[in-house]
Amino acid sequence: SVIMLSKRASLLKPSPTLAINAKEKELKAKGIDIAGFGAGEPDFNTPDHIKQAAITAINDNFTRYTPVSGIDPLKDAVIDKFKKDNNLNYKREEIIISCGGKHSLYNLFQAIFQEGDEVIIPAPYWVSYPPMVELTGAKPVIVETHEDEDYQITSDILKRFVNKNTKGIILNYPSNPVGSIYYSGKLQQIGKLAVENNFYIISDEIYEKLTYDDYTHVSIASLDPAFKERTIICHGVAKTYAMTGWRIGFTAGDAIIIKAMGNLQSQSTSNPTSISQMAAIAALNGPQDSIATMLDAFKKRRDYLIGELISISGITCYSPKGAFYAFPNFNNVLGKTYKGSVIGTSTRLTEILLEDFHTAVVPGVEFGKEGYLRLSFATSMEIIEKGVERIKNAVASFK
Ligand code: GLU
């Protein structure tokens, strides 16, 4: 063939969450009625006042290049958010706006990691962290966390993996895929370890506003100035304001890192979309009641979905404290047979569910946890009811 990809590109596979999303859409286009628990995105529409701000931006011809790292009013709205929600003070030069939360993380990793570095990623992890770290030449170091410890990494375990090459740890809470959160005590221990051993804390707080019951989110950066110094927070408007397609992420951290991320943007994407930036200002500064409406619905769906999943014989499920994912344990089912062959893996189970039971889920192995499945409950109750019924039928048909 005349085509020869770079090693980097040839080793890269598509994001499994987005791949399932694409597959789901393909089947739906063929007229197949799929119950989709695939990619995590709120089924709510972007609130009207946010859409209106974008329409106004277009009509006002706010459609040209903006500063590469985002416009000042949006940076100020982000600064206000951190002050108000987390009691954190940032200056404009410590904030950068990027083209979605993934772009924020990608640029951040490119700015701080390189060959020879090790980056600790607690598992279960979000699918794109390891490939994004690998793309910098650094090595992902996967560290298991456990359900009976609320999927929080402990400093005792962490200590065993920290060495002179450790450059950072990626925390994500509320977490995708398990919905775990972190308490201040644990964050204190992790922060101290980062200070003692001089590594960065990458805190992905994109699900900050989506917590249930009595939990309130605590940003690790807010606990100690020494933690803040080495913490970079990645965040965005996608999950909070049902704005996944608008692609606006933001990052807060040291001005030197933020500047380096700006240089990367300057040579690659340039500014995030001008219109989306205006929409994001409306989202952050405008009325916040849409969040409560969404949360209320997510909580009902969570309670229903978890209740149904654990009613299936052999299935257990951690009760998520935040985000909008259920991560049930299907290990007891994997040894069974379907159409004469042993199911064996979460990937195979996912295929069976999609092809024969028209239900889209993401295999746990993609999140570093074989035997589990991830189901997004940011979808309608009707779809959840239908999907749960199909999963029950599937499990009942396994021998
Ligand atoms: N973060 C969402 C998910 O995990 C969206 C898809 C993606 O970017 O991976 O489903």
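Here the structure is a predicted model, which means the values were calculated and not measured. When a ligand or atom number is given, it counts from 1 through the structure's own listing order.
Those atoms of ligand 1 with a heavy atom of Tyr325 less than 4.0 angstrom away are 2 (C), 3 (C), 4 (O), 10 (O). Every atom of ligand 1 with a heavy atom of Lys102 under 4.0 Å away is listed here by number and element: 7 (C), 8 (O), 9 (O). Residue Asn176 has at least one heavy-atom neighbour below 4.0 Å for each of these atoms of ligand 1: 1 (N), 3 (C), 4 (O).
When non-hydrogen atoms are compared, ligand 1 lies under 4.0 Å from the side chain of Leu18 (C-beta onward) but not from its backbone.
Side-chain contact between Arg374 and Asn176 is present, with heavy atoms from C-beta onward closer than 4.5 Å.
Ranking the protein heavy atoms by distance from atom 10 (O) of ligand 1 puts Gly40 N, 2.6 Å first. Of the protein's heavy atoms, Thr17 OG1, 2.5 Å lies nearest to atom 9 (O) of ligand 1.
Here atom 1 (N) of ligand 1 lies nearest to Lys239 when heavy atoms of Glu366, Lys239, Glu41 are compared.
Taking the charged nitrogens against the carboxylate oxygens, Asp48 and Lys51 do have a contact shorter than 4.0 Å, which makes a salt bridge. Electrostatic pairing of Asp254 and Arg230 does not count as a salt bridge here, judged by no charged N lying under 4.0 Å from a carboxylate O.
Considering both main-chain and side-chain atoms, Arg374 comes within under 3.5 Å of ligand 1 through a nitrogen or oxygen pair.
Ring centroid separation for the pair Phe324 and Phe298 comes in under the 6.0 Å cut-off. Close placement of the Tyr173 and His217 rings is indicated, their centers lying within 6.0 Å of each other. Ring to ring, Tyr125 and Tyr129 are not that close: their centroids are 6.0 angstrom or more apart. For Tyr318 and Tyr151, the gap between ring centers is short of 6.0 Å.
Under a 4.0 angstrom heavy-atom cut-off, Ala39 registers as being in contact with ligand 1.
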